[in-house]
Amino acid sequence: MPLALLALAVGAFGIGTTEFVMMGLLPNVADDLHTSIPTAGHLVSAYALGVVIGAPLLAAVTARMSRRTVLIGLMALFVLGNALSALAPGYDWLLAARFLSGLPHGAFFGVGAVVATNLVAPERKARSVSLMFMGLTVANIAGVPVATLMGQHLGWRATFLGVSAIGLAAIASLFLLIPHDHTHAPAGGLRGELAALRSLPVWLALGTTVAGFGALFSAYSYVTPMLTDAAGYADSSVTLLLALFGVGATIGNLVGGRLADHSLRGTLFGGLTSLAAVLSLFPLLMSAEWSAALAVTLLGMAAFVTGSPLQLMVMEKASAAPSLASSANQAAFNLANAGGAWIGGLALAAGFGVTSPALAGATLAVLGLGVAGVAYAVDRRREVVRVGRVVATHVPEQSGALHL
């Protein structure tokens, strides 16, 4: 694999750290800015909103630019947003800075995935995407815990300054390692990129992302109360257990990349089936400490097996102009984050028990399988129609030859 993928992984590591670290810093931020924790929680939503808006918007407006330049520019915007977060004089300023920090997130992964696949042979495309995403999963193992400890001991502003430093390292890596000959934008420009969103297979792939990762976040958003109230862990142990989720996600991401290069759709179906099975077993696995730790690890593995296949599928369905569709998949991921957490919360509010969000997630995983099945049927139907047209086109020529 080319060394240039390391530059993409460094950027993904910084993005993953700043995305998830706010959850651990909410009490510190709320206390320092004299606001409540629920109000401080809007800082998480502001970042997600920035991702959803920025992913398709920035990918569209930069469609004619060199992808290498786009990646560097997006990371510069990321550094600016995190630096402004560290310097924010009050809550409203921090809210705006978090929104700004989220804007480049989806476009970076979307454009980065296109660059990554152009760096390797066709049979290694999924693996290249998984290596870029590895920066995101490793952030849950090392970046988020270290950044959280930094914020608790040095203040939350130090955390965002540290993340800004990671962003500067990513800019240097992108500048030095991403080759110029793999960064040209498609000739179709903005109009070609927008045309990708008119394709039914693209929307079905995006729908699979929303349902599949909504299943993950339905459970993961409430995994802390599951671990403490159901499994009996102390609050101090949760950080280590969440690192186990990162370990599982990293393993699943790498395995999914390798498997998808052999069978893209088979890996997707297998991953969603595994995710539904793991989430269905959560009430049982959360009955003891050892099995709860196993459940958290398996959840990360099963969910992130599908990451690379879904990203690559969207890109293939929009092969003429993949950047916008690829970035839109990251927006779908964050819609899944918000929607999954909301659905899991409904299950809790209905009084179905502390592990009920996992069962709601299992239902969403089954829904994701259904959408993926419809996508497969649509592809098969289109292939049959295409073959039929080819045969119909050649039959008259053959008949004429026989007549003569």
Side-chain angles (χ1 to χ4, degrees), residues 5-26 43-44 47-48 50-51 55 71 74-75 77-79 81-82 85-86 98 101-110 112-113 116 128-152 156 158-174 213 216-217 220-221 223-224 238-257 296-297 299-301 303-308 311 330 333-334 336-337:
L5 293 176
L6 175 62
L8 297 172
V10 172
F13 178 81
I15 290 174
T17 299
T18 202
E19 179 181 18
F20 293 108
V21 74
M22 183 55 75
M23 287 77 158
L25 295 179
L26 284 182
L43 297 168
V44 178
Y47 183 92
V51 177
L71 289 172
L74 291 171
M75 193 50 58
L77 183 60
F78 169 83
V79 171
N82 281 279
S85 296
R98 286 294 290 171
S101 300
L103 286 175
H105 176 130
F108 181 88
F109 280 108
S128 71
V129 173
S130 72
L131 289 176
M132 179 187 67
F133 282 150
M134 188 172 68
L136 180 66
T137 59
V138 170
N140 284 281
I141 303 173
V144 174
V146 171
T148 301
L149 289 174
M150 182 185 297
Q152 291 170 347
W156 60 269
T159 294
F160 291 112
L161 288 176
V163 172
S164 298
I166 297 173
L168 291 174
I171 290 175
S173 300
L174 292 167
F213 277 95
L216 165 64
F217 286 109
Y220 187 66
S221 300
V223 72
T224 296
V238 171
T239 300
L240 177 60
L241 291 164
L242 294 183
L244 287 179
F245 172 84
V247 171
T250 301
I251 295 172
N253 174 56
L254 293 175
V255 170
V296 172
T297 308
L299 177 63
M301 290 179 63
F304 278 86
V305 161
T306 64
S308 298
Q311 189 73 32
Q330 296 302 311
F333 180 89
N334 277 268
N337 189 339

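Residue indices begin at 1 and follow the sequence shown. What you see is a predicted model, and the numbers here were worked out from it, not measured in a lab.
- When atom types are taken as modelled, the side chain of Thr17 and the backbone of Ala139 share no donor-acceptor pair closer than 3.5 angstrom.
- Separating the OG1 atom in Thr18 from the CD1 atom in Ile166 is a distance of 9.0 Å, to the nearest 0.5 Å.
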Practice prompt. Start with the C-alpha gap between Leu216 and Leu299, add the side-chain angles, then the distance that decides, and say whether side-chain contact (heavy atoms from CB on, under 4.5 Å) holds.
Written response: CA-CA 8 Å; Leu216 165 64; Leu299 177 63; 3.8 Å; yes
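- Proximity of the aromatic rings of Tyr220 and Phe245 is defined here by a centroid distance below 6.0 angstrom, and this criterion is met.
- Ring geometry for Phe160 against Trp156 counts as perpendicular: the plane angle is over 60°, on a 0 to 90° scale with 30° as the lower cut.
- Residue Leu103 is tested with Leu77, Val51, Leu74 for a side chain to side chain contact (heavy atoms under 4.5 Å, CB included); the sole match is Leu77.
- Between the OG1 atom in Thr224 and the CG atom in Leu242 there is a gap of 5.5 Å [rounded to 0.5 Å].
- Leu168 approaches Val79 most closely through the heavy-atom pair N-CG2, 3.7 Å.
- Distance check, rounded to the nearest 0.5 Å: CE of Met132 to OG of Ser308 gives 8.0 Å.
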Discussion item. As a quick check of understanding, evaluate side-chain contact (heavy atoms from CB on, under 4.5 Å) for Phe78 and Val163, giving each step before the final call.
Written reply: CA-CA 9 Å; Phe78 169 83; Val163 172; 3.5 Å; yes
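- Here CG of Leu149 is found 9.0 Å from OG1 of Thr159. Values are rounded to the nearest 0.5 Å.
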Discussion item. Set out, in order, the CA-CA distance, both residues' side-chain angles and the distance that settles side-chain contact (heavy atoms from CB on, under 4.5 Å) for Glu19 and Leu136, then state yes or no.
Written reply: CA-CA 10 Å; Glu19 179 181 18; Leu136 180 66; 4.2 Å; yes
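- Leu240 is linked by a side chain to side chain contact (heavy atoms under 4.5 Å, CB included) to nothing, counting only residues two or more places apart in sequence or in another chain.
- Nearest heavy-atom pair across Ala170 and Met75 is CB-CG, 3.8 Å.
- Panel note: side chain Ser101, backbone Gly81; a donor-acceptor pair is recorded below 3.5 Å.
- Between Gln330 atom CD and Phe108 atom CZ the span is 11.0 Å, to the nearest 0.5 Å.
- Atom OG in Ser130 sits 9.0 Å away from atom CG in Leu5 (nearest 0.5 Å).
- Only one option out of Leu8, Asn253, Leu6, Leu254 pairs with Leu131 in a side chain to side chain contact (heavy atoms under 4.5 Å, CB included); it is Leu254.
- Between Ala147 and Val21, the closest heavy-atom pair is CB-CG2, 3.5 Å.
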Fill in: Full working for side-chain contact (heavy atoms from CB on, under 4.5 Å) between Gln311 and Phe333
CA-CA 10 Å; Gln311 189 73 32; Phe333 180 89; over 6 Å; no
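- Between Thr250 and Phe304 the shortest side-chain heavy-atom distance does not fall below 4.5 Å.
- Closest of all the heavy-atom pairs between Leu71 and Gly112 is CD2-N, 3.8 Å.
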